[in-house]
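Chain identifiers are assigned alphabetically (A, B, ...) following the order of the sequence lines, protein sequences preceding nucleic acid strands; residue numbering begins at 1 within each chain. This one's a predicted model, so the numbers in the text were calculated from it and none came from an experiment.
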Amino acid sequence: MAPVTKKTNGKRSARGVSQSDKKSTKKPRISIDSSDEELELAKNEDAELSSSDEDDLDDLDKGKPEGEKKEEDKEADDLDISDDDEDEDEEKEGKSKSEGGEGGNHTEQRKLLKERKMQRRSGTQVQQIKSVWERLRVKTPPLPKQIREKLSNEIWELSKDCISDLVLKHDASRIVQTLVKYSSKERREQIVDSLKGKFYVLATSAYGKYLLVKLLHYGSRTSRQAIINELHGSLRKLMRHREGAYVVEDLFVLYATHEQKQQMIKEFWGSEYAVFRETHKDLTIQKVCESSVEKRNIIARNLIGTITASVDKGSTGFQILHAAMREYVKIANEKEISEMIELLHEQFAELVHTPEGSDVACTLMAKANAKERKLILKTLKNHGEKLIKNEHGNIVFITILNCVDDTVLVFKSFSPTVKDNLQEFIIDKFGRRPWLYILLGLDGKYFSPIVKNELLRYIELSEATSKKDPLQRRHELLSKFAPMFLSTISKNYAEILTENLGCQFVAEVLINDELYAQLNEKDQQKYQTVLDNILTTFKGDITEETHPIHRAFSTRLLKALIQGGKWNNKERKVEPLKNVQGLGVPFAYKLYDEIIDSSNLLEWINNADSSFTIVALYETLKDQKEGKQFLKDLKEVQSKITSDENNKGSHLLVKLLK
DNA sequence: CTAAATATATGCTA
DNA sequence: TAGCATATATTTAGAA
């Protein structure tokens, strides 16, 4: 493969980035529901073949909200019907004629054009079918079923003998698309059958590709398999094709089963593996490459060939490409990894949001040397928010935390993003994970075995370059980020504590010996402020429904702070803390002093949501001098505790008091 | 951590 | 293809 030239690289990456920025998580995909976008596309291509880059972008324009989409469909339809007989071909011709100076006799031109159309292969049929299609395709008002069926039968009768003449023309292809949409499964099979042998041509045709994707979408398992079988052997060629690449990506992402995906990827190893795919079924790439260096070299060359071509083409965001890259990085040697980083580094951010791409990014990150890591950090820092919030990007980010020794650089690169978004992060299912990692390490509570093993695998890979002790690295990060945690909580505690995930995070921050050990004097004060903030939220009348005591998670947080440790379910006891100051007895004392007192103590006991808090207070304070007042008040109201079956906390309290 | 609850994928039947 | 059942993965809740 020819090496990437600076010029193409720059251009492509620019396009790639704008693409992903506009359509955030949406992947390039060919639309199923709307055929009108396709017509738009057709117009453009007719008008100016060289503006293909633009067209590709149009083509990406998917995933609009349902309502919006309908609107546009309607509009386009109306417009379409009004000027349909003289479609865009005609207008074009008219223009070029008048430019040629032949004057503007429109009727004359129309006639000419009609004749020319008739002369095309199956021209008469096309015109005929088209008029039936006009009646079939209307969306408003919706056609009754019988009529729709009748019309679609009519079209089928007319078109079944010349179907292969239809599918490559931009207007006629749409007719077949509509036909597919409204046909029975038997007829869909028939259509697929009659197009056998043509799928490659379809995939590479500017108009045919839409039909092919519709066949995949509406087709049966066997139809899909038939199409895949036929495209097999040409996938590498298709990946380099302007239209074909989109079809292959769609096929891979949306329609192929797991097994079919494996098959498809194997083809990128080399044609040998595409042809004899049955015999190579359960082969993994590592096994083959271990068996022979020659084979490894051939496979590596084939893979990087496809990868380089696609990256140059600007398809860095394609999932199928990510899957190919994953195979490659599994077997790549040190030099090849470096070249890969060189090839990708500007577009690194386009990898990280798919499972396969994230795997590639993590592997590269782990295997990269210090200088290369710096380079990657530089590209990723501008995409921090998405990187951290995305399920897969998140893994990449944690891998960065796990393997980059230069924690100062890591902090510098991401601290602005973190500062702006931390409040969102900590209540986000994925966005909070990196911070929980910094606080607790790879705790099984927050990292499922699968995710954990994946992360451990990258750590293992990184051991060749990363020299720092993992715990030291994590503590360095903790000491840098902890003040940010505290100020974010202190500033937004009211909102954070209304969220389950927020409460959980706050608990992890506050009940954490490692964190407290990293705090300087000023930040320790900040820590105490946060404790006061939390007390503040529990002020007020607990008979109000909005009081935080009625939300299970904030109550649990409060209880944990009173107990001054986390509940260990295995040992069935609270784990005491060594470093942290201000939890347990002092916190309980403050709570009783400021929030609960003799005036509302009974209320707290007699409410099922808050009674366990009092139990916790009792257990913490019963043998302490700070608890004297509390115990005295408790004795006074003891007799007035109501006996409510549902209030297990008050029952327990009565039992304890005996 | 564990058990239950829930979501997701896969296969079978009509 | 729809609907259902079954297996499997992932998420959630949770003490007294």
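Taking the side chain to side chain donor-acceptor pair (under 3.5 Å) definition, one finds that Arg224(A) meets it with nothing, sequence neighbours left out. In terms of the side chain to side chain donor-acceptor pair (under 3.5 Å) criterion, Ser639(A) has no residue partners (sequence neighbours excluded). In this structure, the salt bridge (Lys or Arg N to Asp or Glu O under 4.0 Å) partners of Lys445(A), at least two apart in sequence or on a different chain, are Glu508(A). In this structure Lys330(A) satisfies the salt bridge (Lys or Arg N to Asp or Glu O under 4.0 Å) test together with Glu327(A), sequence neighbours excluded. Not counting sequence neighbours, Asp623(A) has no partner by the side chain to side chain donor-acceptor pair (under 3.5 Å) test. Residues satisfying the salt bridge (Lys or Arg N to Asp or Glu O under 4.0 Å) criterion with Glu514(A), sequence neighbours excluded, are Arg474(A). Lys573(A) is linked by a side chain to side chain donor-acceptor pair (under 3.5 Å) to nothing, counting only residues two or more places apart in sequence or in another chain.
Atom C1' of nucleotide dA16(C) and atom CG of Asn568(A) are separated by 16 Å, given to the nearest angstrom. Nucleotide dC1(B) holds its P atom 13 Å from the CZ atom of Phe447(A), rounded to whole Å.
Contact annotation: the side chain of Trp604(A) never approaches that of Leu617(A) to less than 4.5 Å [non-hydrogen atoms, C-beta and beyond].
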Do any N or O atoms of the protein come closer than 3.5 Å to N or O atoms of nucleotides 9-14 of chain B, and which pairs are they?
none

Tabulated below should be each protein N or O lying under 3.5 Å from an N or O of nucleotides 7-15 of chain C; please produce it.
unit_1: dT11(C); atom_1: OP1; unit_2: Lys429(A); atom_2: NZ; d: 3.2
unit_1: dG14(C); atom_1: OP2; unit_2: Arg556(A); atom_2: NH2; d: 3.3
unit_1: dG14(C); atom_1: N2; unit_2: Asn569(A); atom_2: ND2; d: 3.2

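Residues of residues 646-658 of chain A that place a heavy atom closer than 4.0 Å to DNA chain C, in numerical order, are Leu652(A).
Note on residues 431-442 of chain A: pairs passing side chain to side chain donor-acceptor pair (under 3.5 Å), not counting sequence neighbours, are Asn402(A)-Tyr437(A), Arg432(A)-Gln504(A). Note on residues 188-199 of chain A: pairs passing salt bridge (charged side-chain N to carboxylate O under 4.0 Å, His left out), not counting sequence neighbours, are Asp193(A)-Lys196(A).
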